[in-house]
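Throughout, a chain's letter reflects where its sequence line sits, starting with A, and its residues are numbered from 1. None of these values were measured; they are calculated from a predicted model.
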Amino acid sequence: MTAAEYAQTLQLKPVVPATATVSGGDSQRKWRHLLLKDFTFFYVSGELTYASQSTKKRMDYIHCRGGIVLPAYDPELVTHIIVDTANPDKPDAGVTLRTLGLKKLSDIPDHVPTVKWKWVNSAKLVPNGDRAGNFRIVEDGNGGHVTVRMDWEFMHSAFVARVHAGKGFKNTGGNEKDKGKGKPKAKTTAQRKEGENSEEEDNDSAEDISDISCACRLIGSVVGVRLIFVCSRNFTQDAPSPPPSAKETTPAVNQTKSVQSEREIPFISDPLGEFEALAKEEKKAEGFLCDAPNSNSLTSECPNQDIVDKLEELMELHRAKPTEEDKWRVYSYSKSIRKIRTYPHRITSYEEARNIPGVGDKTALKIKEILETGELRRIDIEYTEDLDVVHLFQGIYGVGQHIAYMWYSAGCRTLDDIRERKNGIKVSDVQEIGLKYYDDINTRMPRAEAGEIFTAIKRTAVSIDPHLYVEIMGSYRRGKATCGDIDILITRPTDDGNSHEGVLASLLSALQREGIIRENLSMPDFKDDPLEAVYRGLCVRPLREGEGHDTKRLVHILTVPYKSRGAALIYYTGDDIFNRSLRLKANKMGYSLNQRGLFAGVVRSTENKMIKTCDGHIIASETEQEIFRILGVPWQEPWERVRS
DNA sequence: CGGCAAATACTG
DNA sequence: CAGTAT
DNA sequence: GCCG
C-alpha cells in the first residue's frame with residue numbers, strides 16, 4: 001500500500017499512548033505520554049508505490065504518540081513536513097516537491113517547517129517539568145499533563161532555503177503566519193492518487209523494483225558502508241523501534257508487530273553486521289530458495305548465458321508436455337538454471353557443472369554438449385510438431401496440458417478448429433470465454449492499469465463497508481512493471497463484532513452493475529466458510545471520457561478470515577517459486593504452510609498424501625513477519641521475493 | 001525409489 | 001468422486 | 001530432473 005493509504009488506515013486506529021522510561025534522579029519511571037500531540041505531519045518518504053516497513057513504523061511512531069499523519073498534503077492542516085527520502089541526512093528537494101505537488105520550496109507556507117526525521121526523535125519527556133528551551137506541555141495518556149522538550153525545527157531543517165520556517169529560528173512570534181498560504185500549484189497528493197499509478201508513477205519506477213534493490217545491494221557491497229547504509233534503510237526493516245509498549249497498542253492491521261518485539265534495534269544499529277549476516281546466509285544457506293533474498297536478474301553478463309538459454313529452451317518444451325514426469329523435470333530445470341545463472345564464472349567442464357548443487361548428471365552432460373558443440377540435440381528431439389499447437393491451446397483459460405493434447409489428438413490445430421468444435425470436441429463455458437478473449441488474457445497489462453482497476457474495485461468495496469481491508473497482491477505487489485492479472489485480497493477486522501460475511505457477493509453484483517466486471521470464470525463457494533472464498537473473472541478498467549479501451553483483464557478477488565491475512569498475503573503475493581520454497585521449508589521443519597496459516601503437527605496419511613489425518617494446530621497467521629520469523633527466513637519485501 | 005506445495009472450483 | 005485447471 |  002502507498003504511504004498515503006497507510007496514513008489513512010492509521011487514522012482509523014485508536015491511539016494507545018506509548019510509554020517511555022524516564023530517569024528522574026535515582027529512580028526510573030514509566031510515563032505514558034502523547035509527545036507529539038497537536039502536531040499534524042505530512043510525511044515525504046519518496047516511495048511512490050508502497051510505504052516501506054520503515055515508513056510505516058515511523059508513521060506508527062507518530063500515531064501512538066498522538067500525532068496525526070495526513071494521507072494527503074494539505075497546507076491548511078499540516079504543521080510540519082517530514083522529509084525522509086532515501087538518504088535521511090540529505091533530503092531530496094525534487095522528490096519532496098513532487099510529492100507535495102508544488103513547484104518551489106517557497107510555495108510551502110513559512111509557518112510550516114520542513115524537518116528531517118531526527119527532529120521528531122528529539123522529543124523528550126522532561127521529568128521535573130523544567131521549562132527551558134523549546135518545551136511544550138502535552139497530555140499524558142491518563143488525562144494529566146507532562147512537559148516535553150524537543151529541538152528547534154531549524155536545527156533539523158531539511159533544506160537550507162527553509163531554515164527560517166517554523167518556530168525558534170528567529171523569535172519573531174507572529175506576522176509570518178499567513179504569508180504564502182501555499183496552495184498547491186499542481187495536483188495535491190490526494191488528487192494525483194486518484195489517477196494513481198498512471199504515467200508518472202510508472203515512469204519513475206518503470207522496471208522491476210527488484211532490479212533496483214538488487215543493484216543497490218550490489219553497489220553497496222562494492223562501495224562500502226556508506227551505501228550499504230542507504231540501501232539497508234530503503235530495503236530492510238531498520239526503523240527505530242517504537243518502545244515496547246507500542247506492540248500491544250498497535251492494532252492488528254499492523255504487520256510489524258512481531259518484528260518490533262524481536263528486533264529492538266536502534267536506528268541503523270550495525271549496517272555492516274547486517275550485511276555480513278546476509279552474505280553469510282547466502283553462502284551457507286545452501287538450503288532453501290526462500291532464505292536468500294532475491295539475487296537474480298543480474299542479467300547483465302552472465303558468463304554462462306548460452307548454457308542458460310539452451311536449458312531454458314528445453315525446459316519450455318517440457319513445460320508444454322502432459323506427463324507428471326515432465327512437470328518435475330521442469331521443476332528441476334528451473335532450479336538448476338537459476339543456479340547456473342548466478343554462477344560467477346564460466347563453466348568449463350562436466351565436473352565443474354556437476355559440482356553445482358542442483359545440477360546432476362544429466363544436466364551436466366547437456367552442459368558439456370553445449371560447451372563442445374554449441375548445440376543441444378535434445379531440443380530438436382523434444383521439439384515435436386504438436387508442441388506449438390498444444391502451446392497455443394494452453395493459452396486458452398481453462399485448458400491445460402491434458403485437454404490441449406486431447407484436442408490435438410482429435411485433429412484440432414487452430415483456435416478456429418476449437419471454435420467450430422471440430423471433430424466433436426467439447427468446450428466448456430469457461431473455455432469458451434477463454435477462447436473469446438484469447439489475446440486479452442494472454443497480454444500483460446501495464447502496472448498502472450492494474451492499479452486503476454484495483455482503485456476502482458477498492459472504492460466500491462469500501463463503499464459497501466468502510467472497515468474493509470482491501471489489498472492488491474500478486475505481481476503488482478511484487479513491484480512488476482506489467483501484470484498478468486489482478487489479485488485482490490479482502491478481509492475485515494472483527495473487533496467491532498462484524499465481519500466481511502456477504503461482502504463479496506454484494507461487491508460482485510456492484511462491480512457488475514458498474515460494468516467493471518464483464519465475465520465470470522468461477523464463482524466462490526461459501527458453503528464451508530462464509531469468510532473464505534475465491535472469485536475469478538474478467539474486468540475492464542473504468543471507462544474514461546472518449547476512451548474506448550476495454551481490454552479484458554483477469555481479476556481474482558479473495559476473501560479470508562481476518563486472522564489469516566498474513567498467511568494469505570504471503571500466499572497470494574508469491575511469487576510461485578518463492579512460495580513453494582517457503583512451504584517446502586515449512587514441511588522440513590515439521591510445519592505446514594497454506595493460505596490460512598502456519599500449522600504445526602499436521603499429520604498426513606502416508607498412503608494418500610492429499611488427506612490430512614490431523615489438521616495440526618495453527619501457530620501463526622496474522623502477519624507475514626511472524627511467519628517468516630518462525631520459519632527462520634529473513635524478512636523480504638514483496639519485490640524481493642522474485643525467484644522465477 | 002519416493003518426494004518434490006497446497007488449496008479451491010469446475011466438469012462430467 | 002476423480003480428473004483437470006488455476 | 002535432482003536429491004537423500
Practice task
Taking heavy atoms of chain A and a 4.0 Å limit, find me the 5'-most and 3'-most nucleotide of DNA chain C within that range.
Solution key: dT4(C) to dT6(C)
Problem - Residue-phosphate contact under 4.0 Å: Tyr331(A) side-chain N/O, dC4(B) OP1/OP2 - result: no
Exercise for the section: Look at Asn587(A) and dA6(B) and indicate whether a side-chain polar atom (N or O) is within less than 4.0 Å of OP1 or OP2. Expected result: yes
Problem - Presence of Arg319(A) side-chain N/O under 4.0 Å of dG1(D) phosphate oxygens OP1/OP2 - result: no
Problem - Sugar-phosphate only, base, or nothing, as touched by Gln401(A) at under 4.0 Å among non-hydrogen atoms - result: sugar-phosphate
Problem - Near-ring test His617(A)/Phe599(A), centroid separation under 6.0 angstrom - result: no
Problem - Nearest-angstrom distance, C1' atom, dA5(C) to dA5(B) - result: 16 Å
Problem - Side-chain donor-acceptor pair present, Thr551(A), Asp440(A), cut-off under 3.5 Å - result: no
Exercise for the section: Kindly say if Ser592(A) contacts the phosphate of dA6(B), meaning a side-chain N or O under 4.0 Å from OP1 or OP2. Expected result: yes
Practice task
Pick base, sugar-phosphate or nothing for Tyr397(A), based on heavy-atom distances below 4.0 Å to the nucleic acid.
Solution key: sugar-phosphate
Practice task
Name the nucleic acid region contacted by Leu582(A), choosing base, sugar-phosphate or nothing; use a 4.0 angstrom heavy-atom cut-off, strictly under.
Solution key: nothing
Problem - ring centroid sep under 5.5 Å plus plane angle under 30, Trp328(A) with dC4(B) - result: yes
Exercise for the section: Quick one: label Ile396(A) by what it contacts on the DNA or RNA (base, sugar-phosphate, nothing), any heavy atom closer than 4.0 Å. Expected result: sugar-phosphate
Problem - Whole-Å C1' distance, dG1(D) and dA7(B) - result: 26 Å
Handout entry: Length of the line joining Leu584(A):CG and dG4(D):P, which is rounded to integer Å
Key = 12 Å
Completion exercise
side-chain hydrogen bond (donor to acceptor under 3.5 Å, both in side chains) filter on Arg377(A), not counting sequence neighbours, yields Glu369(A)
Practice task
Return the set of residues passing side-chain hydrogen bond (donor to acceptor under 3.5 Å, both in side chains) with Glu432(A) (not counting sequence neighbours), or none when no residue passes.
Solution key: Arg421(A)
Handout entry: Contact residues, residues 358-369 of chain A to DNA chain D [heavy atom, < 4.0 Å]
Key = Gly358(A), Val359(A), Gly360(A), Asp361(A), Lys362(A), Thr363(A), Lys366(A)
Practice task
Establish, from distance only, whether the side-chain atoms of Arg477(A) and Thr573(A) form a donor-acceptor pair under 3.5 Å.
Solution key: yes
Exercise for the section: May I have the distance from Arg354(A) (atom CZ) to dG1(D) (atom P), rounded to whole angstrom? Expected result: 13 Å
Practice task
Could you tell me whether Val330(A) contacts a base, only the sugar-phosphate backbone, or nothing, with contacts defined as non-hydrogen atoms closer than 4.0 Å?
Solution key: nothing
Handout entry: Salt-bridge present (Arg419(A), Asp417(A); N to O < 4.0 Å)
Key = no
Handout entry: Distance below 4.0 Å between Asn594(A) side-chain N/O and dA7(B) OP1 or OP2
Key = yes
Exercise for the section: Using a cut-off of strictly less than 4.0 Å, decide whether Arg583(A) has a side-chain nitrogen or oxygen near OP1 or OP2 of dA5(B). Expected result: no
Fill in the blank from the handout: Rounded to whole Å, CZ of Arg643(A) lies from P of dA5(B) at a distance of 15 Å
Handout entry: Distance in angstrom units between Phe288(A) CZ and dG3(B) C1', rounded
Key = 13 Å
Handout entry: Polar side chain donor-acceptor pair, Asn520(A) to Tyr535(A), under 3.5 angstrom
Key = yes
Exercise for the section: Assess the side chains of Tyr397(A) and Glu519(A): does a donor N or O sit below 3.5 Å from an acceptor N or O? Expected result: no
Practice task
Taking atom types as modelled, find out whether Ser428(A) and Gln431(A) have a side-chain donor-acceptor pair closer than 3.5 angstrom.
Solution key: yes
Exercise for the section: State, without any angle test, whether Tyr350(A) and Asp361(A) hold a side-chain donor-acceptor pair at a distance under 3.5 Å. Expected result: yes
Completion exercise
Paired with Ile627(A), the side chain to side chain contact (heavy atoms under 4.5 Å, CB included) test is passed by just one of Thr623(A), Leu631(A), Ile630(A), namely Leu631(A)
Problem - Between Phe393(A) and His391(A), ring centroids under 6.0 Å - result: no
Exercise for the section: Write down the distance between CZ (Phe578(A)) and P (dA6(B)), rounded to a whole number of angstrom. Expected result: 15 Å
Practice task
Between dT4(C) and dA6(B), how far apart are the C1' atoms? Round to whole Å, please.
Solution key: 16 Å
Practice task
May I have the distance from His556(A) (atom NE2) to dA7(B) (atom P), rounded to whole angstrom?
Solution key: 19 Å
Problem - Pairing residues for Glu385(A) by the side-chain hydrogen bond (donor to acceptor under 3.5 Å, both in side chains) criterion, not counting sequence neighbours - result: Tyr408(A)
Practice task
Would you kindly give the CZ-to-C1' distance between Arg580(A) and dA6(B), to the nearest whole Å?
Solution key: 10 Å
With the criterion being N/O to N/O and under 3.5 Å, what pairs connect the protein with nucleotides 8-12 of chain B, and how long is each?
from: dT8(B); atom 1: OP1; to: Arg596(A); atom 2: NH1; distance (Å): 3.2
from: dA9(B); atom 1: OP1; to: Asp525(A); atom 2: N; distance (Å): 3.2
from: dA9(B); atom 1: O3'; to: Met523(A); atom 2: O; distance (Å): 3.4
from: dC10(B); atom 1: OP1; to: Met523(A); atom 2: N; distance (Å): 2.9
from: dC10(B); atom 1: OP1; to: Met523(A); atom 2: O; distance (Å): 3.2

Problem - Nearest-angstrom distance from the residue atom CD of Glu324(A) to C1' of dA5(B) - result: 13 Å
